[in-house]
Trainee: 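Here it is, the structure in full.
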Amino acid sequence: MTAAHSTVHGAEGHASPARLLRMNRMGLWLFFASDALVFALLLSARFYLDGLHTPPEVKQILGLVMTSILLLSSLTAYRAETAIEHGNIARGRSMLLLTAVMGSVFLAGVVMEWMLAEFSPGDGYGTAFFSMTGMHAGHVASGVLLLLMARRQASAGKFDGGGTRAWGASGIVMYWHFVDVVWVFFYPVLYLIH
Amino acid sequence: MSHSILRAPIVRGLFWAVVGFVLAAALVGGIRTAMGLDFWNTTVDWVIAYPVALLGWLMGVGVWPQWGREWLGGKAEPYALTGWQRYFGFSPDHKVIGIQYAVTFIVLFLLAGLAAMLIRIELAQPGLQLFTSDQYNAAMSFHGITMVAVAVATLLGGFGNYLVPLMIGARDMAFPRLNALSYWLVPPVAILLVIAVGMGGWDSGWTAYPPLSEVNKEGQVLFNLAVITFGVVSILGGINFLVTVTYMRAPGLTWFRLPIFVWGAISASLISFFFTQAFAAALLMVLLDRALGTSFFRASGGGSALLYEHIFWFYSHPAVYVMVLPGFGAALEILSHMSKKPLFAYRWAAGAMLGIVALSGIVWAHHMFTSGMDPALHAPFLVLTELISIPTGLIFLSALGTIWQGKLWLQTPMLFALAFVFNFLLGGVTGIYLADVPTDLHLHDTYFVVAHFHYTIVGGEIFALFAALYYWFPKFTGRMYSERLGKIHFWMMFLGFQLTFIPMFRVGIQGMNRRVADYPAAYGEYNLFISFAAFLLGASFLFFTWNMLASWFRGPAAAANPWRASTLEWQVSSPPPEHNFDEIPVITGDPYGYGGAGPAHNRPLGGLAAGSEGGS
Ligand SMILES: [Cu+2]
């Protein structure tokens with residue numbers, strides 16, 4: 001290998017903002033792939049343990065309401081992201097807050113479901129139900145915290161100017177979408193199949 | 001000293017860990033009391049209070065001032081410690097982190113090796129002499145999981161972190177603070193395992209199969225928490241390597257100009273970021289069964305212990321490649337530089353590593369031929385497993401082709417690298433008997449298995465690790481090790497290793513069960529011999545430790561390029577300057593430019609290698 005002097009130089013290494021953004025994105029996507037496997041394992045455990053059986057006691061209305069709220073929150077998260085990327089920080093902040101509130105309502109729904117559940121965590125369906133909703137709710141809870149952090153950073157002026165500077169906010173919004181997509185798989189598997 | 005000991009990052013981390021643990025445990029206790037339950041329940045308290053303690057530890061050790069403040073819109077502090085103190089804090093420098101990993105895991109290696117010596121004292125004769133059965137199980141389990149962690153993290157975490165940015169002409173890893181975070185998750189793993197042993201240990205080995213792992217002592221809970229934490233280390237590290245190599249290669253450094261060690265690190269990272277979470281998930285399910293009463297693996301609730309084995313081996317077979325792929329890379333690297341020949345069939349070797357990654361995920365059930373799973377699965381898993389011998393064979397041929405008619409420079413690293421080739425052949429060949437169902441039915445859970453995987457992991461990866469350790473020691477420390485002590489270490493370790501594990505194949509074929517403190521008297525003579533050989537193996541590390549310590553503190557200064565090697569890390573000073581390269585190099589050729597018109601290997605490269613003449 002012949003190493004010659006070159007013109008590439010820079011105090012922080014050799015990453016331009018655009019390349020840094022691509023690196024951040026790749027890191028996040030790899031994390032999603034990695035995390036998705038945990039969810040996939042839980043999902044396949046559900047079929048392994050209890051086949052297609054879903055007990056009639058499952059609260060269908062509550063599940064449908066919660067699912068709708070979570071899906072809607074992806075829309076507000078998206079609006080937060082575009083607002084911040086276009087430099088409209090005030091609008092982004094309120095959308096982040098709205099998303100966090102909807103996420104919290106979803107979490108309250110999970111707690112309610114757990115308290116109302118008429119099956120025990122000790123049987124096949126219960127094992128799947130409590131572990132899958134629990135694992136997902138843990139992700140939603142961390143997502144709510146992250147959204148609030150993004151809002152705080154927006155207030156501190158970290159995303160001013162939008163564009164690549166808004167990465168902190170878009171990364172968190174991407175995480176929120178990821179958690180939503182997981183639920184898109186979990187909801188039918190836990191509530192709808194028979 | 002500007003920092004009093006009380007303000008040292010580790011002390012702060014421990015302080016906040018204890019505060020977090022106590023607060024969380026008090027809260028749990030309060031709620032439990034209100035519900036009419038006992039204040040303290042070891043399982044529930046550890047499962048809830050440990051994550052809080054972990055958060056406190058990380059924040060205290062440096063995440064909060066150097067990173068966390070940014071999350072709340074504030075400004076982070078730069079890392080302040082310098083000199084020897086920089087190794088004891090949340091340093092984002094990949095070279096510091098590499099040494100942190102390497103030293104931590106070598107200490108753990110010696111500790112787990114000590115456990116192995118105790119095991120061999122116990123097994124020297126039939127009957128019980130040193131341990132109760134329970135203590136034996138604890139020692140065996142501790143030895144197992146600690147060595148697995150050592151094998152997974154020393155080469156990739158230690159050498160990978162130190163070398164990959166240097167080898168690709170980068171100034172650091174892609175995510176330096178995430179890198180530091182990964183490392184600082186390691187001490188809690190070690191602390192948990194030691195506390196678990198202090199609590200009487202756990203008796204389910206490193207595999208933690210239910211139903212035993214769901215009903216045994218509480219040491220099991222700490223084991224599970226430790227291994228889940230270690231899984232996070234592995235995943236974050238893997239992601240970091242993949243992004244680093246994808247985006248931070250120097251201009252002109254195309255994928256097929258990467259040193260083969262970098263390919264080893266890439267392949268291992270692919271596995272660790274995509275499979276590790278299976279082990280973590282399986283152990284989490286065990287914890288849920290224990291703490292919450294779910295029934296993933298409890299047959300009484302409709303669960304299935306077989307499910308655990310599937311999930312566990314889905315990771316734990318690929319895990320052996322997280323261990324050996326960086327070992328392959330390091331060994332091939334050293335074989336080429338020390339033979340002064342280009343790496344033979346470089347592209348085939350790199351491709352074979354990726355082939356191993358691809359196959360690794362679809363062979364796991366070869367560990368389960370006796371588990372009672374559907375026999376229809378036997379034949380496919382037999383065939384798929386045997387397919388792996390094709391890419392591993394390619395790597396073996398690459399090693400042979402590289403040393404073929406080379407002018408071998410038999411310094412300590414080269415001896416270890418050659419031993420790696422020899423051992424791995426034996427490990428690979430004996431693996432065939434375990435992949436074949438008919439022979440495996442007889443050999444399963446005997447000492448044949450123990451001997452086989454020690455040949456692949458110790459004989460393969462750990463020998464490669466020591467090759468790497470001696471080879472890059474001058475680069476890491478700026479000092480030269482003692483060649484004489486190194487050779488003593490090598491010959492004692494090599495002979496001790498062969499004499500320990502070859503007889504184990506024999507007693508295994510005769511049916512001696514593994515993981516049991518006692519055995520029938522008929523195996524006595526062999527075991528006495530094995531124990532003495534193991535003590536020889538163990539004693540070799542006294543020479544190793546002495547060599548490392550004495551050389552690091554008092555060894556002669558090392559040249560920038562004592563091996564006259566052609567890869568980038570040798571073209572900078574030993575140890576390298578803080579940001580590796582004053583100017584990012586431009587790459588115009590492949591990494592093994594030996595031979596051809598005029599020997600390229602000791603040609604000063606682009607003026608960066610001034611003072612590289614010399615050697616030892
Ligand atoms: Cu295997």
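What you are looking at is a predicted structure, and each value in this text was computed from that prediction instead of being measured. By convention in this document, chain letters (A, B, ...) are assigned in the order of the sequence lines, proteins followed by strands, and residues within each chain are numbered from 1.
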Trainee: Can you tell me how far CD1 of B:I239 sits from CH2 of A:W29, rounded to the nearest 0.5 angstrom?
Mentor: 13.0 Å

Trainee: Any donor and acceptor pair, going by atom type alone, linking the side chain of B:Q277 with main-chain N or O of A:S34 inside 3.5 Å?
Mentor: yes

Trainee: What's the shortest heavy-atom distance between A:L30 and B:F273, and which atoms?
Mentor: O-CE1, 3.3 Å

Trainee: I need the B:L236 CG to A:F31 CZ distance, nearest 0.5 Å.
Mentor: 8.0 Å

Trainee: If the condition is ring-ring contact (aromatic ring centres under 6.0 Å, His included), which residues does B:F314 pass it with, not counting sequence neighbours?
Mentor: B:F275, B:W364

Trainee: Considering only heavy atoms, which portion of B:L72 lies under 4.5 Å from any heavy atom of chain A: side chain, backbone, both, or neither?
Mentor: both

Trainee: Between B:L288, B:N240, B:T246, which shows the greatest number of heavy-atom pairs under 4.5 Å with chain A?
Mentor: B:T246

Trainee: Looking at A:Y125, I want to see if its OH is surrounded by more than 12 non-hydrogen atoms of other residues, nucleotides or ligands under 6.0 Å.
Mentor: yes

Trainee: Would you say OH of A:Y191 has more than 12 non-hydrogen atoms from neighbouring residues, nucleotides or ligands within 6.0 angstrom?
Mentor: yes

Trainee: Search all heavy atoms of B:A174 against all heavy atoms of A:M23 and return the closest pair with its distance.
Mentor: CB-CE, 3.5 Å

Trainee: Can you tell me which of B:R298, B:E70, B:H310 forms the most heavy-atom pairs within a distance under 4.5 Å of chain A?
Mentor: B:E70

Trainee: Quick one: which of A:A128, A:G27, A:G124, A:A36 has the most heavy-atom pairs under 4.5 Å with chain B, could you say?
Mentor: A:G27

Trainee: Residues in salt bridge (charged side-chain N to carboxylate O under 4.0 Å, His left out) with A:R93, at least two apart?
Mentor: none

Trainee: Can you tell which of A:A40, A:G126, A:S131 has the highest number of heavy-atom pairs within less than 4.5 Å of chain B?
Mentor: A:S131

Trainee: Under 4.5 Å from any heavy atom of chain A, what part of B:A278 do you find: side chain, backbone, both or neither?
Mentor: both

Trainee: Could you pull out the closest heavy-atom pair between A:M26 and B:Y247, with the gap in Å?
Mentor: SD-CE1, 3.6 Å

Trainee: Side chain from CB out, backbone as N, CA, C, O: work out which of these in B:L284 comes under 4.5 Å of a heavy atom of chain A, or both, or neither.
Mentor: side chain

Trainee: Do any N or O atoms from the side chain of B:S295 and from the backbone of A:G122 form a donor-acceptor pair under 3.5 angstrom?
Mentor: yes

Trainee: Strictly less than 4.5 Å between heavy atoms, which residues of residues 42-63 of chain A line up against chain B? Please order them by number.
Mentor: A:L42, A:A45, A:Y48, A:L49

Trainee: Using modelled atom types and a 3.5 Å cut-off, is there a donor and acceptor pairing between side-chain atoms of B:T294 and backbone atoms of A:P121?
Mentor: no

Trainee: Please identify, among B:G293, B:S300, B:A281, the residue contributing the most non-hydrogen atom pairs under 4.5 Å to chain A.
Mentor: B:G293

Trainee: Could you list which of residues 143-159 of chain A have a heavy atom closer than 4.5 Å to any heavy atom of chain B, in residue-number order?
Mentor: A:M149, A:R152, A:Q153, A:A156, A:K158

Trainee: For the CD1 atom of A:I172 and the CH2 atom of B:W71, what is their distance to the nearest 0.5 Å?
Mentor: 10.5 Å

Trainee: Less than 4.5 Å to any heavy atom of chain A: does that hold for the side chain of B:L307, its backbone, both, or neither?
Mentor: both

